[in-house]
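Provided herewith is a single structure, encoded as structure tokens, for subsequent inquiry.
Proteins get letters first, then strands, A, B, ... in listed order; numbering begins at 1 in each.
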Amino acid sequence: MKKNLFSLLLALGIIFYFILTPMILNSPILRESSFTTLMYIALAISLNILMGFTGYVSFGHVVFFGIGGYITFALLYYYKISLFLALILAGIFAALIAALLGSVVLNLRGAYFAIATIGINEAIKSLVNNLEFLGGAEGLFFNMKIYKSYGGPQNALWLSFYLLGIITIVVLIISYLIKHSKFGLGLFAIREDEDAASTLGVNTKLFKTIAFMISAFFPAVVGGIFFFKNGSIDPGSAFSLTKSVEMIFMVMLGGIGTILGPVLGAITYDKIKETLLVSEAFKNLHLTISGIILLLIVLFVPEGIIGFLRRKIKVLKNILD
Amino acid sequence: MNVYIDTFINGILIGLIYGLAAMGLALIWGVLKVINLSHGAFITLGMFLSYLIFKYFHIPPYISVFFTLIIGFILGFLAYFISLHKIVSHAKNFKEYELSSLLSTFSLSLIITGFLLFIFATTPMAINLPLSLFETKLLASFFSIIFTIALTLFLYKTYMGKAIRAVSQNIDAAKLMGVNTTLILAISFAIGISLAMAAGNLIAMVFPFSTLSGILYELKSFVICVLGGLGNPVGTIVGGIILGLLENFFGLFVNQGLVPFIEFTILILLLIFKPNGLFGGSK
Amino acid sequence: MPSILKVENLSKKFGGLLALNNVSFEVKEKEILGIIGPNGAGKSTLFKCITSIYKPSSGKVYFKEFDVTNYPTYKKVKMGMAITHQIVKPLKELSVLENVMVGACYGKANLSIKEAREKALEVLDFVGLYDKKDLEAGKLNVPQKKRLEMARALASDPELIFLDEVLAGLNPAEVSKMLDVILKIREKGITILMIEHLMHAIMKVSDRIIVLDHGQKIAEGPPQKVAKNEKVIEAYLGDPKLALKLLKEK
């Protein structure tokens, strides 16, 4: 399995490119666009651990992004604890929620699981909408003073960016380690045939739950960083169903179950979106065009960029993953 | 006491409207085993069609609904061949079929919603008929009952309807019996979309709406399908009525804003304990 | 010989149907115990109840003296049971090698991924699938898939292996190859519990045979004796002449 090290290194290289260019050029504009790209990459890789490795397609995965965002935000807002601690707490809390929810919804298969995850996201969104201390439908706003302890707003923005970069690298490496571990082999067995996996000795319930927890932890941390940087949070942007489907889209686009796939998928998706949004002709129709592209991919390249390359170019078959 | 009677009547009426909105989703889910994520977008499309017909031709929604049914059928038929046919015939296994169909119907929804946003933005719209809110609700509920009866008769009394039910129960067996399954799937999808648009067309005369309204009805439709099961239109209507009553009675005791939270909690509990619907067999 | 598996009064109801009715038996260490019976006699149900794929309605299962009745399937596998499926269940998009590695990683063997690879290659060689190791498991033909089932089970280092109609659908040459493999498994000291339709084959390899009919055990004993049993001839073979013919072949 060492041969797949190439894909990991390539993915790392890509991520470093997005971290280093804004840093070297000291460009806030590049930093902002890189921030979005890195966020997409981290989210796609996280989801892939559940969707690609384990075979459970969560349509409401953004719920963990939102939960992480709210926990981080509330901890900073009310208790003024340090950002790092808040992020870790947010990740752990989201993972615990995933364990709790997972123990019931992971018994559902296929489309029923998908619908249940949409339901969870909507339920939590509606709950948050009605919690006074989380600001209800309007959400919460930071007082600019909060950034003071991080060296002012400018520094805080850079800090968020670097934190996101680190998290993206960590989630990539974890995804690689899982894929090539005994645990990962168990997950893939579950993806292929859950009943067969259990008759081969895999503790399917435990494994699915752990995969769900890992794939919930990272979006929560990313959500925390995003809303810290954003300075405000509201239920609509924290629990947006569109973002959920975007995550699935990126994984599909790049290549489900692979290491490099979610990275390529996220970058490509980001580029498509950016191009559509700035182009005069397509700006107002970008949703329609995204829809058409998504449809074309689902119909004609369901195996994603990686799968397509592996199929077309023999040399890449054993290298790309 | 009066409050409870009002709540009850209102719950039934709203429930009938919700049931109407969910009918198309239930049909497609039951026959094609596809959870149609473009359902809400087609409901919205129906709303705007209703609005435009009223605005330019002064034809009220309760008349234009028949026209919308036809347009919906044609669009649905096309949509099947554009977004689903290839997946139906090429998917390697059910898991892949499920995922691909979720994504392809979601992309349909993006296409439609994007188009509507392009033209109408998110401006709230309303159709002002010389009728009271209660009267429009009554009218829409009336249509809901008519549609339920018509769809039930169609599914149980006509050859085509029986073929649709056969395909929904066992597509391979139906194929062996000489049923043209592709045609049946396409027609079922077309009817489902046609019903979604008709529902939108009628709802537009009851409540104000915008390009983003459809998704609300789509989410409610999930709950209704899980409540009422996928077997028959009567189940869907009953599911709708249960949801309507729940919403209205919960609204009396808790903050109205928490109603969706309760709804979706019910959805998740039902999925876990009663995946075949409240009236279906247990897991 | 001590017994490795003991089944006590096992019953299974599906709705109103009694698929398994008070079945009791023991499996001795290192023996091959065959289970036969007409279609619908409850043979596969028996396997599934022993391995917790189905939850038995009543009765007990002891494995190596432990009461394992309510253990989940994976736990039983970890203790040393290995399961094959009548309807093959390859992990389709994983390679043949990876399929076998799952067995080695998660069965009683409980190997690390590196050791599992070694073990898997060894077992693939043993069942004759070595040259297919990098193929996607879904692309194997049926006899190969059956051998893959065996390989996965063997890779787990089992003490007791459940073979559910591994000979069904094979041609005579493949059957005799598979029988060789089965005998070789026994030589390794692994106890075998097998369901089979091919009378001739199972008579040849089994030390003892249990006959099920309508969910009940109607006979138990060495192959020769069982085949002569009136009840068996009547219930299972239906045709006494056929039974005699089978005996002669033996």
Worksheet item: Counting heavy-atom pairs under 4.5 Å to chain A, which of Lys76(C), Arg152(C), Lys78(C) comes out on top?
Response: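 Winner by heavy-atom pair count: Arg152(C).
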
Worksheet item: At a heavy-atom separation under 4.5 Å, does Thr51(C) approach chain A through its side chain, its backbone, both, or neither?
Response: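 Answer is neither: Thr51(C) stays 4.5 Å or more from chain A.
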
Discussion item. Looking at Phe16(A), I want to see if its CZ is surrounded by more than 12 non-hydrogen atoms of other residues, nucleotides or ligands under 6.0 Å.
Written reply: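 12 or below, so no.
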
Worksheet item: Given side chains that start at C-beta, do those of Val102(C) and Val202(A) come closer than 4.5 Å, heavy atoms only?
Response: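 Contact flag for Val102(C)/Val202(A) side chains = yes.
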
Worksheet item: Between CD of Glu98(C) and CG of Leu185(A), what distance do you get to the nearest 0.5 Å?
Response: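 Going from CD on Glu98(C) over to CG on Leu185(A), the span is 6.5 Å.
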
Item to complete: Compare every heavy atom of Thr199(A) with every heavy atom of Val77(C), then report the nearest pair and how far apart it is.
Response: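 Shortest heavy-atom separation between Val77(C) and Thr199(A) comes out as CG2-O, 3.4 Å.
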
Discussion item. For Leu200(A) and Asn99(C): C-alpha separation, side-chain torsions, deciding distance, then whether side chain to side chain contact (heavy atoms under 4.5 Å, CB included) applies.
Written reply: CA-CA 10 Å; Leu200(A) 288 169; Asn99(C) 264 268; 5.7 Å; no

Fill in: Residue pair Ala196(A) / His85(C): nearest heavy atoms and the distance that separates them
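Closest heavy-atom pair between Ala196(A) and His85(C): CA-NE2, 4.4 Å.
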
Fill in: Exceeds 12 heavy-atom contacts within 6.0 angstrom, atom CZ of Phe25(C)
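Yes, the 6.0 Å shell around CZ holds more than 12 heavy atoms from other groups.
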
Worksheet item: Side chains of Asn203(A) and Tyr74(C): does their closest heavy-atom pair fall under 4.5 Å?
Response: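 Yes, side chains in contact.
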
Fill in: Proximal component of Ile53(C), with respect to chain A [non-hydrogen, under 4.5 Å]
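It is the side chain, since no backbone atom gets that close.
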
Worksheet item: Can you check whether Pro90(C)'s main-chain N or O pairs, donor with acceptor, with Glu192(A)'s side chain at less than 3.5 Å?
Response: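 Pair absent, no side-chain N/O of Glu192(A) close to backbone of Pro90(C).
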
Worksheet entry | CZ/Phe308(A): more than 12 non-hydrogen atoms of other groups inside 6.0 Å |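 No, CZ of Phe308(A) has 12 or fewer neighbouring heavy atoms, counting only those of other groups under 6.0 Å.
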
Worksheet item: Within 45° of the six-membered ring axis of Tyr106(C) and under 6.0 Å from that ring's centre, is NZ or CZ of Lys182(A) located there?
Response: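 Output yes; distance and angle both within limits.
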
Discussion item. How about CG on Leu17(C), more than 12 heavy atoms from neighbouring residues, nucleotides or ligands closer than 6.0 Å, or not?
Written reply: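 Yes, because the 6.0 Å sphere around CG of Leu17(C) holds more than 12 heavy atoms from other groups.
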
Item to complete: Kindly compute the distance separating NZ (Lys92(C)) from CZ (Arg191(A)), expressed to the nearest 0.5 Å.
Response: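 Rounded to the nearest 0.5 Å, the NZ-CZ separation comes to 12.5 Å.
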
Worksheet entry | Heavy-atom closest pair, residues His180(A) and Ile113(C) |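 Answer, listing the atom of His180(A) first, then Ile113(C): O-CD1, 4.1 Å.
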
Discussion item. Please check if the number of heavy atoms outside Lys177(C) that lie under 6.0 Å from its NZ is greater than 12.
Written reply: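 No, not enclosed.
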
Discussion item. As an exercise, state the distance from CD1 of Ile83(C) to CG of Asp195(A), rounded to the nearest 0.5 Å.
Written reply: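 With rounding to 0.5 Å, CD1 (Ile83(C)) is 11.0 Å from CG (Asp195(A)).
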
Discussion item. With a sphere of 6.0 Å drawn around CZ of Phe93(A), does it hold more than 12 non-hydrogen atoms of other residues, nucleotides or ligands?
Written reply: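 Count not over threshold, so no.
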
